[in-house]
Amino acid sequence: MKKLCFTLAFTITTLIGLNAQMSESGTFGVGLAWTSLNYGASAKYNFTENHTGQLIVGSASYGFSFSGASSFSLTGRYAYNFDEGDIDFATWKPYLYGQLGYWTYKYDDPFFGGNFNSNAIAIGAGGGIEWTINNFIDGLAFSFELGYTNVAFDGLTSIGGFNGGGGIHYYFN
């Protein structure tokens, strides 16, 4: 999984070179994204100054720590970006997002034998701020967000609630 994420990120970054401004139309960024329920490699593309698509490929974290456990998540997001602001040392951009994802979790049951495999559809919404530090590394942006996510596992159970998260992305020029 790590090799796949690295190969995907490397291929995309070598094929695409776009503008380094985080909200400029046509910019592309890669990095890492995290919330309390999932995390992984992330790619963002700004279709316009106000509309951004994001894909997060990684792992889902449900609080289990059994040996033989594995998880996978593929989450797509749409974000609406508001106007950029600028203060002395940083440029910031608030946004709202909606997301839809496919998550899976598998583990071998050490107590009763056998294995457990469950798939889930995850939906969520929230908002955040992405910011860059002026006169630091051009194209490097950080984000913090709050949102709500609900995950329903094949009719077995549902988890979710309010969560926080963050990310770091590099936008190419």
Side-chain angles (χ1 to χ4, degrees), residues 1-61 71-104 120-151 160 162-173:
M1 183 64 181
K2 289 180 185 178
K3 288 181 184 179
L4 174 65
C5 291
F6 176 78
T7 303
L8 177 64
F10 180 77
T11 302
I12 290 171
T13 59
T14 56
L15 294 176
I16 299 176
L18 299 169
N19 197 322
Q21 297 299 316
M22 66 181 171
S23 68
E24 193 168 310
S25 177
T27 57
F28 176 77
V30 295
L32 300 172
W34 165 84
T35 68
S36 56
L37 294 176
N38 76 329
Y39 55 92
S42 171
K44 287 184 169 185
Y45 184 75
N46 293 329
F47 299 105
T48 68
E49 289 183 6
N50 296 108
H51 304 282
T52 299
Q54 181 179 12
L55 183 66
I56 304 168
V57 178
S59 189
S61 173
S71 62
F72 172 77
S73 64
L74 179 64
T75 303
R77 281 185 168 187
Y78 163 78
Y80 180 82
N81 306 310
F82 295 97
D83 292 336
E84 265 186 17
D86 196 354
I87 54 179
D88 289 338
F89 67 93
T91 302
W92 51 277
K93 171 186 66 172
Y95 61 90
L96 294 175
Y97 71 87
Q99 70 180 28
L100 179 65
Y102 171 78
W103 297 2
T104 184
I121 298 296
I123 60 170
I129 289 185
E130 186 170 45
W131 54 278
T132 61
I133 300 172
N134 297 337
N135 302 319
F136 187 52
I137 299 173
D138 284 341
L140 187 64
F142 305 90
S143 61
F144 296 103
E145 59 191 38
L146 295 173
Y148 179 85
T149 303
N150 187 24
V151 185
F162 289 99
N163 54 61
I168 183 169
H169 289 84
Y170 182 82
Y171 290 92
F172 293 92
N173 57 351

Indicate the atoms forming the closest heavy-atom contact of [X] with [Y], along with that distance.
X	Y	answer
Ala41	Leu32	CA-CD2, 4.2 Å
Ser59	Ser71	OG-OG, 2.5 Å
Thr149	Ala122	CG2-CB, 4.5 Å
Gly53	Phe47	N-CE1, 3.5 Å
Ile87	Trp92	CG2-NE1, 4.0 Å

For [X], give me all partners under side chain to side chain contact (heavy atoms under 4.5 Å, CB included), at least two apart in sequence or on another chain.
X	value
Phe162	Tyr148
Ala79	Thr52, Asn81, Tyr95, Tyr97
Phe144	Trp131
Ile121	Leu100, Tyr102

For [range], which residue pairs qualify under salt bridge (charged side-chain N to carboxylate O under 4.0 Å, His left out), counting only residues two or more places apart or in two chains?
range	result
residues 31-42	none
residues 162-173	none
residues 31-48	Lys44-Glu130

**OP:** Kindly indicate whether the side chain of Trp103, heavy atoms from C-beta on, has any atom under 4.5 Å from the side chain of Thr75.
**Re:**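 Result yes, sub-4.5 Å side-chain heavy-atom pair found.
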
Original post:
Should Tyr171 and Thr132 count as side-chain neighbours, where that means a heavy-atom distance under 4.5 Å?
Top reply: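 Tyr171 does not reach Thr132 side chain to side chain.
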
Does [X] have any side-chain hydrogen bond (donor to acceptor under 3.5 Å, both in side chains) partners at least two apart in sequence or in another chain, and if so, which?
X	result
Tyr80	none
Ser42	Gln54, His169
Asn134	Asp86, Thr91

**OP:** Mind running side-chain contact (heavy atoms from CB on, under 4.5 Å) on Tyr39 and Ile56 for me, showing each step along the way?
**Re:** CA-CA 7 Å; Tyr39 55 92; Ile56 304 168; over 6 Å; no

Subject >> Straight-line distance of Ile129 CD1 to Phe82 CZ, nearest 0.5 Å >> reply: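 If I round to the nearest 0.5 Å, the distance is 11.0 Å.
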
Original post:
Just how far is it from atom CZ of Phe142 to atom CD1 of Ile133, taken to the nearest 0.5 Å?
Top reply: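 Result: 5.0 Å between the selected atoms.
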
**OP:** Would you tell me whether Thr35 and Asn163 have side-chain atoms, one donor and one acceptor, within less than 3.5 Å of each other?
**Re:**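 The answer is no; no qualifying pair exists.
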
Subject >> Ser143 side chain vs Gly167 backbone, donor-acceptor pair below 3.5 Å >> reply: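 At least one qualifying donor-acceptor pair exists.
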
**OP:** Applying side-chain contact (heavy atoms from CB on, under 4.5 Å), run through Leu55 and Tyr45 and close with a yes or a no.
**Re:** CA-CA 9 Å; Leu55 183 66; Tyr45 184 75; over 6 Å; no

